[in-house]
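Let me begin by presenting the structure, written as structure tokens, before commenting on it.
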There are 2 protein chains.
Amino acid sequence: MIKISEYTVRRLSTYRRILEELLADRIDVVSSAQLAELSGTNPAQVRKDLSYFGNFGKRGSGYRVEVLCQRIRSILGIEGTWRVVLVGAGNLGTALFSYKDFSRHGFQIVAILDSDPEKTGQTWDGVEVSPVKDAERVVRKTKAEVAIVSTPAVSAQSVVDRLVAAGIRGVLNFAPCKLEVPAQVELRNVNITIELEGLSFAMRSADEAAK
Amino acid sequence: MIKISEYTVRRLSTYRRILEELLADRIDVVSSAQLAELSGTNPAQVRKDLSYFGNFGKRGSGYRVEVLCQRIRSILGIEGTWRVVLVGAGNLGTALFSYKDFSRHGFQIVAILDSDPEKTGQTWDGVEVSPVKDAERVVRKTKAEVAIVSTPAVSAQSVVDRLVAAGIRGVLNFAPCKLEVPAQVELRNVNITIELEGLSFAMRSADEAAK
DNA sequence: CGCTGTGAATGTATTCACAGCG
DNA sequence: CGCTGTGAATACATTCACAGCG
């Protein structure tokens, strides 16, 4: 089994979104050229990405939208539902909780943790906000497998350690810090400051070039 | 002038954060090995990244934390302040507005746009929420250079077109869609669903491997 | 004929390994 | 001697170009 790069996986995710849009538009068949155009890449890349997983297309015509979409959902492992614990019920946590896009696509928030006694005990849309000290119990009870961390940087590592101990297998980290997790636990970081500083660098470089 | 890769720029941003933490801890000097350890990369990478911009280190000892931090801030173009317009004052927009981390590091929200008449006219912490129809006027008046887009996917492109027409030079897009901007406008995308699906793929792959 | 699927070629990023300075 | 700075080597990702199928 050859190793699939993270770049390929990210593009698959993009193809999936586009295929669902095509599906909604009652488009039946799509070529690698069209899919490339819509996702901002090139046809060879699309075909190469898909070829790692099988021969999904039909020569001469292209890919059946519905079939390909279902296949990608299966490859990504989002046919079923992942159970998510949201850690940190501040502004960002609230925003993520009410962000319905990923809840529609296989990620269901089943528990919320926060350290603020004002918040713990509340119920958001049927989901209880529990104190961080109950992290292990809550993860086990709800069978959460994924954690979304939107706590301040200082508290992130300690709560992640406890989630991992309780059996969490994937972490999406919004806190601006490096998290240590065991190799068998998957980790992705989203860091808004890095993105903004990347923009800043590019804008500044454009200024230099213009001089 | 050689081209700097986006990967290098992202790491510079990470180094900057760590250097500021070291600075707060009154650490004077740091080696590429230490910086690599703290940022999750390797010493050669750190030295290579920095070498694109000059010779900042001292052989035998390492890098002066304060000097290096200042140099990186300058390279990233975050010595001054970038003026930001926040587009979309929903849950995510609210979270981003109150997220003080990047406002502390050179990005200041000077305007907010939203299409909801309930929100327009409000003032958040001294910043007025204006209707999207006034986009051009607001961007020009506030001299905003960067836009953070946290609208629904369907409205993102049309408002970005208008921001670009009004002179915006950088866009950080949180809407789950592809945005078209002219080549001279910088664009970064943050897509939470892609990150979650990446986690899902990796967790699922781990399951396969275990069988 | 039009498209996919893919080995080969290219382009890009990372890592090695060591010369050279403080 | 310990570290940086860097060309050379390697690893990895993308793109080309075409054989082959529907």
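By convention in this document, chain letters (A, B, ...) are assigned in the order of the sequence lines, proteins followed by strands, and residues within each chain are numbered from 1.
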Tell me the interatomic distance from B:Tyr15, atom OH, to D:dT4, atom P, rounded to whole angstroms. 12 Å
A correct dot-bracket answer for DNA chain D, with pairs being Watson-Crick or G-U at under 3.5 Å, [ ] for crossing pairs and | for inter-strand pairs, is ||||||||||||||||||||||
Output one letter per nucleotide in nucleotides 16-22 of chain C: B when a protein non-hydrogen atom lies under 4.0 Å from the base, S when only the sugar-phosphate is that close, - when neither is. BB-BBBS
Taking atom C1' of D:dT6 as reference, at what distance in whole Å does atom CG of B:Asn55 sit? 10 Å
B:Arg11 has a side chain; which of C:dT14, C:dT6, D:dT4 sits nearest to it? C:dT14
My understanding is that only one of B:Ile27, B:Leu38, B:Leu68 makes a side-chain contact (heavy atoms from CB on, under 4.5 Å) with B:Leu19; could you say which? B:Leu68
For the pair made of CD in A:Glu6 and P in D:dA13, what is the distance, rounded to whole Å? 10 Å
Atom CG of A:Asp49 and atom P of C:dT6 are separated, to the nearest Å, by 13 Å
Integer-rounded Å distance: C:dG7 C1' and A:Ile2 CD1: 13 Å
Would you say A:Arg73's side chain and A:Ile78's backbone share a donor-acceptor pair under 3.5 angstrom? yes
Of the options A:Leu35, A:Leu22, A:Asp25, which is the one that meets A:Val65 in a side-chain contact (heavy atoms from CB on, under 4.5 Å)? A:Leu22
Among D:dA13, C:dG5, C:dT14, the one nearest any side-chain atom of B:Tyr7 is C:dT14
Kindly determine whether A:Lys143 and A:Glu145 satisfy salt bridge (Lys or Arg N to Asp or Glu O under 4.0 Å), including the steps that lead there. CA-CA 6 Å; A:Lys143 298 189 171 61; A:Glu145 300 159 294; over 6 Å; no
Looking at D:dT4, I'd like to know if its phosphate oxygens (OP1 or OP2) sit under 4.0 Å from a side-chain N or O belonging to B:Ser32. yes
Could you go through the side-chain hydrogen bond (donor to acceptor under 3.5 Å, both in side chains) check for B:Asn191 and B:Glu195 one step at a time? CA-CA 7 Å; B:Asn191 187 324; B:Glu195 306 302 331; over 6 Å; no
Any residue meeting side-chain contact (heavy atoms from CB on, under 4.5 Å) with A:Val29, in chain and number order, not counting sequence neighbours: none
Let me know the distance between CG of B:Leu12 and C1' of C:dA13, rounded to the nearest Å. 15 Å
Would you call the rings of A:Phe102 and A:Phe107 parallel, tilted or perpendicular, taking 30° and 60° as the class edges? perpendicular
Without decimals, in angstroms, what is the distance between A:Leu50 CG and D:dT14 P? 14 Å
Please give, in whole Å, the distance from C:dC3 C1' to A:Leu35 CG? 14 Å
Nearest-nucleotide 5' precedence on DNA chain C, A:Ser31 against B:Thr41: A:Ser31
